[in-house]
Amino acid sequence: MKPGTPKGTRDFSPTEMVRRNYIFDTIRTVFQRYGYAPIETPAMENLETLMGKYGEEGDKLIFKILPRGEKLQKLLPPEEALRYDLTVPFARYVVQHQNELTFPFKRYQMQPVWRADRPQKGRYREFFQCDADVIGSASLLNEVELVQLMDEVFSKLNVPVTIKINNRKILAGIAEVIGEKEKIVEITVAIDKLDKIGVEGVNKELVGKAISTLAIEKLQPLILFKGSTDDKLKLLKKLLENSAIGKKGIEEMEYIFQQLSNFKLSNSSLELDITLARGLNYYTGAIFEIKAREGTLSSSICGGGRYDDLTGVFGLPNVSGVGISFGIDRIFDVLTELNKFDGIDYSRLTTKLLFTHFGEGEQNYCLSLLPKVRASGINAELYPDLTKIKKQFDYANKKQIPFVVVVGGDELQSGMLTFKDMSTGAQEKLSIDQVIERLK
RNA sequence: GUAGCCAUAGCUCAGUUGGUUAGAGCAUCAGAUUGUGGUUCUGAGGGUCGUGGGUUCGAGCCCCAUUGGUUACCCCA
């Protein structure tokens, strides 16, 4: 049998895991700093929980689990599926545990999700998301805080990013004033592609979606507009003055930008992007999308938004939430491409000291020293086989273990260990306490 | 769902208009060196050239099919 992982899935080797864990730890630390508490949910959900939440395209990408046993033989439809994101399972969780939770409930969650997609650059069928959501609070300060949080994470990871922000209410307002209220999805999907296919491409797609010529004409000043956030808001105000929902969206954006103007974002440029749409159906207010400003990955590495009634379908109406999701695997790809892993100190995560030995007696002696070393917080290990010292040193080099202790007959007799710095080759005789002192 | 590209050793790849026994680097193992490695030198193992069929005196190379990978579209973290 030829070994291999399924399409769009990967193994992670130790070097990669150390780096991935660095990303996880960075994000987790920031999440906790902002008061988010961890939860986990099962890899699989009832299919019913997931279906209909992600739009027509999204539903197709849900990994369904084949029925088993008798149900399979009767060709019954699937009842379970792997989770597609962390937001919908979270909504289900909130409804199910509503009596135990204190609202507003701030949770973070870092788990894999699965999509039955075609893999390509930056796209996997199994990938990790790191989500932070606040549910049970309609305050726009949550949006403000999430922007700060995203800025802090990417600042810590040393990746310059652009945070794009928009509002579904503005998009709804636009659809309304151009007289195509029903076609909001088609319109937003089309203008979302502005970057990629240009104005003409967008217009062509709009025509294809049976949007009226008049509506497309009305849309032009908006698509063609270039200017500052303030200018954009001004234009929108004028354009949407007859749309209640549009005006509400502008108000929200103004508030968020006004609040954020009091804080200096350290690593991000914040941008109101009227063309930002985002596919997920459940967003109702602010929407976010983050792209790295350097590197070749053009897809987003983080995204999110506000959903006013995601818990409604599970029987808990009128609970608004807002959240963001970091795409760990894409962030990893960006950091790798930009060589951002180079300067990071992993020493606390890897072995610092290897005990090498010339025989069984020496090995046993090393074994007796290990607990004390480890209790002192030093990552240490013992070479487990009886073999030539060369091979043991090779092992240390391959694992990039910076220090070794050599124990032979002399050391056994004197109780003084040979302590060797593998980078310089220098060695000296030290007691075990001195070795510990040196490495602490 | 649509389309392009790729598939040769564990890994990265070379392989001439189709021509003898398919190569290199890295990695692995052993030796030079029985208490001192990472740099050096020597040697060894490792391949049904993705799979199946076809064309040909002859196929890693050409043709068809198939599988897997990858990239783009749709959509998305």
Euclidean distance, atom OH of residue A:Y283 to atom C1' of B:C76 [Å, nearest integer]: 11 Å
Under-4.0 Å side-chain N/O to phosphate OP1/OP2 contact, A:Q129 with B:A77: no
Options B:U36, B:A77, B:G37, nucleotide nearest the side-chain atoms of A:F358: B:U36
Sugar-phosphate only, base, or nothing, as touched by A:T418 at under 4.0 Å among non-hydrogen atoms: base
A:F154-A:F326 aromatic ring centre distance below 6.0 Å: yes
Side-chain ion pair, A:R10 and A:D329, N-O less than 4.0 Å: yes
Touch class at under 4.0 angstrom, heavy-atom based, for A:G58 against every strand present: nothing
Sugar-phosphate only, base, or nothing, as touched by A:E56 at under 4.0 Å among non-hydrogen atoms: nothing
Length of the CG-C1' vector between A:D394 and B:U36, whole Å: 11 Å
Ring centers of A:F355, A:Y383 separated by less than 6.0 Å: no
Given RNA chain B, 5'-ward residue of the pair A:K391 and A:V407, judged by closest heavy atom: A:K391
Between B:A77 (P) and A:Q111 (CD): distance, integer Å: 17 Å
Spacing of the P atoms in B:G23 and B:A65 (rounded, Å): 33 Å
A:S299 side-chain proximity, nearest of B:U36, B:C76, B:C74: B:C76
A:T350 side chain to A:Q400 side chain, donor-acceptor N/O pair below 3.5 angstrom: no
Which residue lies more 5' along RNA chain B, comparing A:G409 with A:I301 via nearest heavy atoms: A:G409
Minimum-distance nucleotide (side-chain atoms of A:E57 versus B:G37, B:C74, B:A77): B:C74
Polar side-chain contact A:R118-B:C73 base: donor and acceptor under 3.5 Å: no
Stacked cation flag A:R125 on A:F63, 6.0 angstrom / 45 deg: no
Donor-acceptor pair under 3.5 Å, A:K420 side chain vs B:U36 base: yes
A:D11 atom CG: more than 12 heavy-atom contacts under 6.0 Å: no
Side chains of A:F393 and A:V406 in contact at under 4.5 Å (non-hydrogen atoms): yes
Touch class at under 4.0 angstrom, heavy-atom based, for A:Y124 against every strand present: base
Min side-chain heavy-atom separation A:E143-A:L146 under 4.5 Å: no
C1' atoms of B:G1 and B:U20, separation to the nearest Å: 49 Å
Closest contact, heavy atoms only, A:I274 versus A:L171: O-CD2, 3.6 Å
Residues, nucleotides or ligands: over 12 heavy atoms within 6.0 Å of A:Q120 CD: yes
Selected nucleotide, minimal atom distance to A:R123 side chain, candidates B:U28, B:A77, B:A72: B:A77
Within-4.5 Å side-chain heavy-atom neighbours: A:V88 and A:Y282: yes
Sugar-phosphate, base or nothing in reach of A:K193, heavy atoms under 4.0 Å: sugar-phosphate
Value in whole Å for how far the C1' atom of B:C76 lies from CG of A:L86: 15 Å
Base partner of B:C73, which must satisfy Watson-Crick or wobble distances under 3.5 Å: B:G1
Touch class at under 4.0 angstrom, heavy-atom based, for A:V189 against every strand present: sugar-phosphate
Sugar-phosphate only, base, or nothing, as touched by A:D410 at under 4.0 Å among non-hydrogen atoms: base
B:U36 base / A:Q392 side chain donor-acceptor hit below 3.5 Å: no
A:F341 and A:Y22 aromatic ring geometry - parallel, tilted or perpendicular at 30°/60° bounds: perpendicular
Euclidean distance for P, B:C41 against B:C26 (whole angstrom): 9 Å
For atom CG of A:D329 and atom P of B:A77, their distance in whole Å: 13 Å
Could you list all N or O pairs between the protein and nucleotides 67-69 of chain B that sit under 3.5 Å apart?
{"from": "B:G69", "atom 1": "OP1", "to": "A:K7", "atom 2": "N", "distance (Å)": "3.2"}
{"from": "B:G69", "atom 1": "OP2", "to": "A:K7", "atom 2": "NZ", "distance (Å)": "3.2"}

Sugar-phosphate, base or nothing in reach of A:E289, heavy atoms under 4.0 Å: nothing
Length of the CZ-C1' vector between A:R125 and B:C76, whole Å: 15 Å
Spacing of A:Q427 atom CD relative to B:G38 atom P, expressed in whole Å: 14 Å
A:F127-B:A77 aromatic stacking (under 5.5 Å, under 30°): yes
Counterpart base for B:U16, defined by Watson-Crick or G-U wobble contacts under 3.5 Å: none
Whole-Å distance separating the CD atom of A:E205 from the C1' atom of B:C73: 12 Å
Polar side-chain contact A:N397-B:G37 base: donor and acceptor under 3.5 Å: yes
Dump every N/O contact between nucleotides 31-33 of chain B and the protein below 3.5 Å, one line per pair.
{"from": "B:G31", "atom 1": "OP2", "to": "A:K388", "atom 2": "NZ", "distance (Å)": "2.9"}

B:G43 versus B:A24 - spacing of their P atoms, nearest Å: 12 Å
Charged tip of A:R306 within 45° of A:Y283 ring normal and under 6.0 Å: no
Side chain A:E411 and base B:G35 donor-acceptor under 3.5 Å: yes
